[in-house]
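Residues: numbered from 1 along the sequence shown.
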Amino acid sequence: MTTTEPTHTIAEVAERVGVTAHTLRYYERIGLLGVGRDAGGRRRYTDQDVARVIFITKLRAADLPIGRIQHYFALVAQGPHTEPERLALLEQHRDEIRSRLHSLESALATIEFKIARYGGTLGTDSSACGS
């Protein structure tokens with residue numbers, strides 16, 4: 001008995017990952033994905049393709065620009081000798097995220113302070129709390 005890897009339609013992948021079919025076609029058009037086709041010419045995504053789409057969506061959620069994602073996958077295509085450069089790209093973006101998180105945590109603390117202050121002083125003179 002021959003087993004073949006299960007495949008998924010574009011609609012199934014879009015629903016599973018939470019992106020549109022248009023987004024999946026865009027990722028393919030700009031070279032982030034190379035999706036196989038069935039005999040009728042319809043896209044068929046392997047589990048490995050789906051894993052790549054999930055990774056791409058995580059990178060996008062982390063605000064990694066498309067151009068840097070394209071560069072990352074161009075490095076992947078060049079082979080394992082590019083792992084140090086890929087690692088550097090991811091580490092740099094991680095550091096940028098950590099910096100933004102620190103700024104956001106500081107801003108959130110200020111907002112929470114103001115909410116607490118307004119909760120206790122609503123209707124009184126708020127000039128003492130910096131408005």
Side-chain angles (χ1 to χ4, degrees):
M1 181 172 139
T2 307
T3 60
T4 60
E5 183 178 6
T7 60
H8 314 278
T9 67
I10 194 169
E12 291 167 341
V13 174
E15 182 177 346
R16 177 176 168 190
V17 179
V19 298
T20 65
H22 174 77
T23 297
L24 293 171
R25 287 188 292 273
Y26 170 70
Y27 288 166
E28 187 176 355
R29 189 172 66 250
I30 65 170
L32 297 180
L33 294 170
V35 180
R37 307 283 176 138
D38 65 13
R42 293 175 295 269
R43 289 171 177 85
R44 298 301 301 182
Y45 291 78
T46 65
D47 289 343
Q48 186 175 358
D49 295 329
V50 174
R52 182 177 271 211
V53 172
I54 291 168
F55 182 54
I56 293 167
T57 60
K58 298 293 184 189
L59 294 175
R60 290 297 299 136
D63 288 333
L64 189 65
I66 285 289
R68 287 175 70 188
I69 296 172
Q70 286 174 300
H71 179 65
Y72 176 88
F73 284 112
L75 292 171
V76 169
Q78 291 174 28
H81 70 279
T82 64
E83 286 180 4
E85 192 173 349
R86 286 183 262 159
L87 176 61
L89 185 149
L90 293 174
E91 287 175 335
Q92 178 187 5
H93 194 65
R94 178 202 56 201
D95 294 346
E96 291 168 7
I97 289 171
R98 285 182 175 162
S99 177
R100 285 195 319 246
L101 282 172
H102 178 73
S103 295
L104 286 171
E105 288 169 349
S106 176
L108 179 59
T110 300
I111 291 168
E112 287 177 337
F113 171 80
K114 290 304 237 181
I115 288 170
R117 286 289 297 229
Y118 289 146
T121 61
L122 197 58
T124 63
D125 179 17
S126 62
S127 61
C129 65
S131 297

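- Here the closest non-hydrogen pair linking I56 and F73 is CG1-CE1, 3.6 Å.
- At distances below 3.5 Å, not a single donor-acceptor pair connects side-chain atoms of S106 with backbone N or O atoms of S103.
- Of the inter-residue distances, the one linking R98 atom CZ with D95 atom CG reads 6.5 Å to the nearest 0.5 angstrom.
- In this structure, T7 OG1 and D49 CG are separated by 9.5 Å, a value rounded to the nearest 0.5 Å.
- Of all heavy-atom pairs spanning L89 and H71, the tightest one is CD1-CD2, 3.6 Å.
- A donor-acceptor pair is defined here as one N or O able to donate and one able to accept, closer than 3.5 Å; no such pair exists between the side chain of R43 and the backbone of V35.
- With rounding to the nearest 0.5 angstrom, the CZ atom of R86 is 9.0 Å from the CD atom of Q78.
- Nearest approach of A14 to T20, heavy atoms of both residues: CB-C, 4.0 Å.
- Between atom NE2 of residue H81 and atom CG of residue L75 there is a gap of 8.5 Å, rounded to the nearest 0.5 Å.
- Looking at I10 and E28, their side chains never come closer than 4.5 Å, going by heavy atoms from C-beta outward.
- Residue Q48 qualifies as open at atom CD: its count of foreign heavy atoms under 6.0 Å is 12 or below.
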L59 vs R68, side-chain contact (heavy atoms from CB on, under 4.5 Å): CA-CA, chis, key distance, verdict: CA-CA 10 Å; L59 294 175; R68 287 175 70 188; over 6 Å; no

Steps toward side-chain contact (heavy atoms from CB on, under 4.5 Å) verdict (L90, Y72): CA-CA 9 Å; L90 293 174; Y72 176 88; 3.9 Å; yes

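- Atom NE2 of H22 sits in a sparse spot, with 12 or fewer heavy atoms from other residues, nucleotides or ligands closer than 6.0 Å.
- Among residues two or more places apart in sequence or in another chain, the salt bridge (charged side-chain N to carboxylate O under 4.0 Å, His left out) test is passed with R100 by D63.
- Under a cut-off of 6.0 angstrom, the local environment of CZ in R16 is sparse, with at most 12 non-hydrogen atoms contributed by other residues, nucleotides or ligands.
- V13 and H8 get closest at one heavy-atom pair: CG2-CB, 3.8 Å.
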side-chain contact (heavy atoms from CB on, under 4.5 Å) evaluation trace for I66 with R60: CA-CA 7 Å; I66 285 289; R60 290 297 299 136; 3.5 Å; yes

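- Counting non-hydrogen atoms of other residues, nucleotides and ligands closer than 6.0 Å to OH of Y26 gives a total of 12 or fewer.
- A chain of hydrophobic side-chain contacts below 4.5 Å, direct or via other Ile, Leu, Val, Met, Phe, Trp or Tyr residues, connects I54 to I30.
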Residues E96, H93; criterion side chain to side chain donor-acceptor pair (under 3.5 Å); working and verdict: CA-CA 5 Å; E96 291 168 7; H93 194 65; 3.3 Å; yes

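- Under a 3.5 Å cut-off, the side chain of Q70 and the backbone N or O of G31 do not form any donor-acceptor pair.
- Closest heavy-atom contact between V17 and V50: CG2-CG1, 4.3 Å.
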Stepwise side-chain contact (heavy atoms from CB on, under 4.5 Å) test for R42 and T9: CA-CA 8 Å; R42 293 175 295 269; T9 67; over 6 Å; no

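- Using modelled atom types, no side-chain atom of E85 and backbone atom of T82 make a donor-acceptor pair closer than 3.5 Å.
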